[in-house]
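Below is one structure; the comments refer to it alone.
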Amino acid sequence: MLSQSVRAADAGVDYFNPQTLKATIYADASLKQVLFTFVRTATNSGSTIHVERDFNLPNGTLVARERVDYENGRLKSFVLEEMQTGAKGSAMVQSSGGDAKMNFNFTQGSTKKNGSEKFLNEILVSDMVGPYIAAHWDTLTKGGTVKCRLVAASRAETVGFKFFKESDMTWHGKPVMNVTMQPSSIIIAQLVAPLHFYIEKDGQHRVLQYIGRTTPSIRKNGKWDDLDAVSVFEWK
């Protein structure tokens, strides 16, 4: 679920920048064991912005890729491919008249899931989380709670989350705000631990470090399992 902060605009969010963003994904807070590296690249064609988010082993082998398309600053499609597990998922926004819905598909081996929901502005994919936090900065700094629904590709649906300010702190000498993202459902909260974003208090409110569920799977006891890790971003 890696993310990055971009400038909020009246017509939406500028998802084109940063055009390139890198991160290192560590096993834990000691930052000693590198599990994966991450690269986000963005290109545009007219009103469409295409984002690719690649997750690689330290040797450069691609293990997972997320592809996101935005149209006029709004989410249009999301596609996930996990090369390690063979899983593929998608979430596509379909407009019909004045209404819009999001259609989901997921496959992994013999497992197939699909679903459909009404499309709402607060529906996010991982690429949008940082910008969403930045856009609600004032609410969070004042102690308010911000809600969203996050696309869960493997469930072929969205899942409710809430953001709130955990604390002010210093990270590598920089003043940051620790923002917690927590499942709204008690049931989901038993499966997904709270996620933590260390966000710079000054400037663009960029995410400097992220702790929590991350896209690549990890192999444990002979099977693929969900990964909770620490991601450190390299802003230029």
Donor-acceptor contact below 3.5 Å, side chain His205 vs main chain Glu200: yes

Which pairs of donor and acceptor atoms, one on a side chain in residues 26-39, lie under 3.5 Å apart (sequence neighbours left out)?
unit_1	atom_1	unit_2	atom_2	d
Asp28	OD1	Ser30	N	3.0
Asp28	OD1	Ser30	OG	2.4

If a pair satisfies ring-ring contact (aromatic ring centres under 6.0 Å, His included) and one of its residues is in residues 138-159, list it, with sequence neighbours excluded. none

Is the shortest side-chain heavy-atom distance between Phe104 and Asn114 below 4.5 Å? no

Check the pair Lys147 / Glu122 against side chain to side chain contact (heavy atoms under 4.5 Å, CB included), numbers first and verdict last. CA-CA 8 Å; Lys147 296 181 179 181; Glu122 59 266 29; over 6 Å; no

Hey, are the side chains of Lys142 and Leu140 touching, using non-hydrogen atoms and a 4.5 Å cut-off? no

Could you report the tightest heavy-atom contact between Val207 and Gly130, atom names first, then the distance? CG2-CA, 4.1 Å

Tell me, with the steps shown, if Asp225 and Arg219 meet salt bridge (Lys or Arg N to Asp or Glu O under 4.0 Å). CA-CA 6 Å; Asp225 201 357; Arg219 198 161 184 83; over 6 Å; no

If only atom types and distance count, is the side chain of Ser185 paired as donor or acceptor with the main-chain N or O of Ile187 below 3.5 Å? yes

Output the distance between atom CG (Asn56) and atom OG1 (Thr61), rounded to the nearest 0.5 Å. 7.5 Å

Heavy-atom neighbours of Asn59 CG exceed 12 at 6.0 Å: yes

So how far is it from Ile211 CD1 to Met181 CE, rounded to the nearest 0.5 Å? 15.0 Å

Heavy-atom pair with the smallest gap, counting every atom of Ala229 and Ile25: CB-CG2, 3.7 Å

Is there a side chain to side chain donor-acceptor pair (under 3.5 Å) between Gln19 and Thr41? Walk through the geometry before answering. CA-CA 5 Å; Gln19 295 175 43; Thr41 56; over 6 Å; no

With rounding to the nearest 0.5 Å, note down the distance linking NZ in Lys101 to CD in Glu117. 12.0 Å

For residues Phe163 and Cys148, determine if any side-chain heavy atom of one lies less than 4.5 Å from a side-chain heavy atom of the other. yes

Quick one: closest heavy-atom pair of Tyr15 and Gly73, and the distance? CE1-O, 3.5 Å

Looking at Arg67 and Glu52, does any basic side-chain N land under 4.0 Å from a carboxylate oxygen? no

All N/O donor-acceptor pairs, side-chain side in residues 82-89, below 3.5 Å, sequence neighbours left out:
unit_1	atom_1	unit_2	atom_2	d
Glu82	OE1	Ser217	OG	2.9
Gln84	NE2	Ser217	O	3.2
Thr85	OG1	Ala87	N	3.3

Here the pair of heavy atoms bringing Lys174 nearest to Leu208 is CD-CD1, 4.1 Å

Run the side chain to side chain donor-acceptor pair (under 3.5 Å) test on Gln209 and Ser231 for me, step by step, so that the C-alpha distance in whole Å, both residues' side-chain angles and the decisive distance to 0.1 Å come before the verdict. CA-CA 6 Å; Gln209 179 173 289; Ser231 302; over 6 Å; no

Kindly compute the distance separating OG (Ser184) from CG (Leu150), expressed to the nearest 0.5 Å. 11.0 Å

Should the pair Asp127-Arg40 be classified as a salt bridge under the 4.0 Å nitrogen-to-oxygen rule? yes

Would you sort out whether Glu66 and Thr215 count as a side chain to side chain contact (heavy atoms under 4.5 Å, CB included), showing the intermediate values? CA-CA 9 Å; Glu66 297 174 348; Thr215 291; 2.5 Å; yes

Derivation of the side chain to side chain contact (heavy atoms under 4.5 Å, CB included) call for Val93 and Lys76: CA-CA 5 Å; Val93 178; Lys76 181 180 180 182; 5.5 Å; no

Is any NZ, NE, NH1 or NH2 atom of the basic residue among Glu234 and Lys22 found under 4.0 Å from an Asp or Glu carboxylate oxygen of the other? no

When rounded to the nearest 0.5 Å, the distance separating OG of Ser47 from OH of Tyr70 is 14.5 Å

Taking the six-membered ring for Trp, are Trp171 and Tyr198 parallel (under 30°), tilted (30 to 60°) or perpendicular (over 60°)? perpendicular

Sidechain-backbone polar pair: Thr141 side chain, Trp137 backbone, donor-acceptor under 3.5 Å: yes

Hey, could you give me the OG/CE distance between Ser116 and Met102, rounded to the nearest 0.5 Å? 10.0 Å

A side-chain contact here means heavy atoms from C-beta on lying under 4.5 Å apart; do Arg74 and Asn121 qualify? yes

Please examine the side chains of Val125 and Leu75, heavy atoms only from C-beta on, and report whether any two atoms are closer than 4.5 Å. yes

Return the minimal non-hydrogen interatomic distance between Ser154 and Lys113, and the atom names on each side. O-NZ, 2.9 Å

Answer whether the closest heavy-atom distance between the side chains of Phe233 and Leu21 falls below 4.5 Å. yes

Is a side-chain donor-acceptor pair under 3.5 Å present for His196 with Thr180? yes

Do the side chain of Arg149 and the main chain of Thr158 share a donor and acceptor less than 3.5 angstrom apart? yes

Using side chain to side chain contact (heavy atoms under 4.5 Å, CB included), reason through His50 and Ser45 one step at a time and then give a plain yes or no. CA-CA 8 Å; His50 178 72; Ser45 177; over 6 Å; no

Hey, is Arg213 close enough to Asp226 for a salt bridge, meaning N to O under 4.0 Å? yes

Single-linkage hydrophobic cluster Val159~Leu80, side-chain heavy atoms < 4.5 angstrom: yes

